[in-house]
Amino acid sequence: MRKVNSDSLDELTWSSPNGTFAGAGKQLSEALGRKPDSTDLLERQPFDVEILRVPPGKMPYPFHSHSMQWEFYHVIAGSGRVRHDSGSEAIVAGDAFLFQPGEAHQLINDSEADLIVYVVADNPLGESAHFPDSNKYSLASPRRAVIRGEQAPYYDGEDG
């Protein structure tokens with residue numbers, strides 16, 4: 001058995017160059033031994049679990065969809081909005097939602113407090129993603145490259 005206490009884990013933080021996107025995450029699966037760049041499924045593990053913290057007024061990532069990956073979200077604290085193919089709707093602590101492959105999505109913290117969300121995703125090899133707002137694609141096998149006819153920076157066309 002592998003065991004960690006999430007309270008003892010450091011947060012991995014990120015921000016886009018212009019600050020439009022920002023977040024922090026505790027990478028539970030990696031703390032339990034997951035090797036995300038491995039193609040060995042025993043090292044890669046069948047799912048990834050993160051405790052995501054989105055600061056007030058931020059989005060953790062651009063609007064995107066996955067080609068093969070499923071993502072499950074469970075709001076633990078705070079409130080915000082989830083943008084999806086049909087629009088957006090409010091989310092609050094206790095809400096759980098699921099995006100299947102091909103469904104574009106984005107979290108938005110439009111509140112005054114941190115939004116805390118458990119995120120569980122499966123880890124398909126050969127995954128790709130599409131960013132509808134900037135017409136980019138991200139390819140991962142297992143490392144990620146973002147392209148739009150040619151390789152592009154991750155936040156290109158997204159960050160103001």
Side-chain angles (χ1 to χ4, degrees), residues 6-7 9-32 34 36 44-140 142 144-148 152-160:
S6 61
D7 291 339
L9 299 179
D10 292 331
E11 282 188 327
L12 170 69
T13 60
W14 62 89
S15 179
S16 62
N18 292 330
T20 304
F21 303 96
K26 291 188 176 190
Q27 310 304 312
L28 293 172
S29 298
E30 290 176 25
L32 290 167
R34 177 177 180 261
R44 186 175 179 78
Q45 299 177 2
F47 50 85
D48 191 22
V49 180
E50 173 185 43
I51 301 173
L52 171 65
R53 181 177 60 80
V54 185
K58 299 297 179 183
M59 300 169 282
Y61 41 73
F63 189 56
H64 67 286
S65 65
H66 298 276
S67 64
M68 297 185 297
Q69 182 169 283
W70 289 78
E71 287 185 326
F72 167 82
Y73 295 83
H74 185 204
V75 180
I76 302 305
S79 63
R81 299 195 68 73
V82 61
R83 180 180 170 199
H84 49 78
D85 287 330
S86 300
S88 72
E89 59 189 87
I91 54 174
V92 297
D95 285 345
F97 43 97
L98 178 72
F99 288 101
Q100 67 185 31
E103 289 182 312
H105 54 282
Q106 179 182 48
L107 296 180
I108 302 162
N109 184 350
D110 59 1
S111 76
E112 300 289 322
D114 284 344
L115 173 63
I116 310 293
V117 181
Y118 277 113
V119 182
V120 180
D122 63 355
N123 285 315
L125 286 170
E127 164 65 5
S128 65
H130 177 241
F131 299 86
D133 292 343
S134 59
N135 197 31
K136 289 190 314 267
Y137 292 86
S138 172
L139 309 173
R144 177 175 60 193
V146 178
I147 62 171
R148 185 189 311 119
Y154 180 77
Y155 294 110
D156 187 43
E158 305 277 358
D159 192 28

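Because the structure is predicted, anything quoted here is derived from the model rather than measured. The first residue in the sequence is number 1, and the count goes up from there.
- Looking only at side-chain heavy atoms (C-beta outward), Arg83 and His105 stay at 4.5 Å or farther from each other.
- Of the inter-residue distances, the one linking Asn135 atom CG with Asp156 atom CG reads 11.5 Å to the nearest 0.5 angstrom.
- To the nearest 0.5 Å, atom CZ of residue Phe97 and atom CZ of residue Phe72 are 9.0 Å apart.
- Inspection of the Ser16 and Asn18 side chains reveals no N or O donor paired with an N or O acceptor under 3.5 Å.
- Considering only residues two or more places apart in sequence or on other chains, His130 meets the ring pair (Phe, Tyr, Trp, His ring centres under 6.0 Å) condition with Tyr137.
- Checked by atom type and distance alone, the side chain of Glu89 never pairs as donor or acceptor with a backbone atom of Val82 at under 3.5 Å.
- Ser65 OG to Glu71 CD: the interatomic distance, rounded to the nearest 0.5 Å, is 10.5 Å.
- Here the rule is side chain to side chain contact (heavy atoms under 4.5 Å, CB included) with Tyr118, and of Val75, Leu52, Leu28 only Leu28 fits it.
- Side-chain N or O atoms of Trp14 include none that pairs as donor or acceptor with a backbone N or O of Gly25 at under 3.5 Å.
- Residues satisfying the ring pair (Phe, Tyr, Trp, His ring centres under 6.0 Å) criterion with Phe47, sequence neighbours excluded, are absent altogether.
- Taking the salt bridge (charged side-chain N to carboxylate O under 4.0 Å, His left out) definition, one finds that Lys136 meets it with Glu158, sequence neighbours left out.
- In terms of modelled atom types and a separation under 3.5 Å, the side chain of Arg34 and the main chain of Arg44 share a donor-acceptor contact.
- Looking at Asp159, its side chain does come within 3.5 Å of a backbone N or O of Thr20 through a donor-acceptor pair.
- By the side-chain hydrogen bond (donor to acceptor under 3.5 Å, both in side chains) test, Asp122 pairs with no residue at all, sequence neighbours left out.
- The backbone N or O of Arg53 sits nowhere less than 3.5 Å from a side-chain atom of Lys26 that would complete a donor-acceptor pair.
- Put simply, CG on Leu125 and CE on Met68 are 7.5 Å apart, with the number rounded to the nearest 0.5 Å.
- Annotation: side-chain hydrogen bond (donor to acceptor under 3.5 Å, both in side chains) contacts of Ser67 (sequence neighbours excluded): Glu127, Ser128.
- A distance of 6.5 Å separates CG of Leu32 from CD of Gln45, quoted to the nearest 0.5 Å.
- A tilted orientation is assigned to the rings of His64 and Phe131, their planes being inclined by 30° to 60°.
- Every ring pair (Phe, Tyr, Trp, His ring centres under 6.0 Å) that Tyr155 has, sequence neighbours left out, goes to Phe21.
- Among all heavy-atom pairs drawn from Ile76 and Ala93, the shortest one is O-CB, 3.6 Å.
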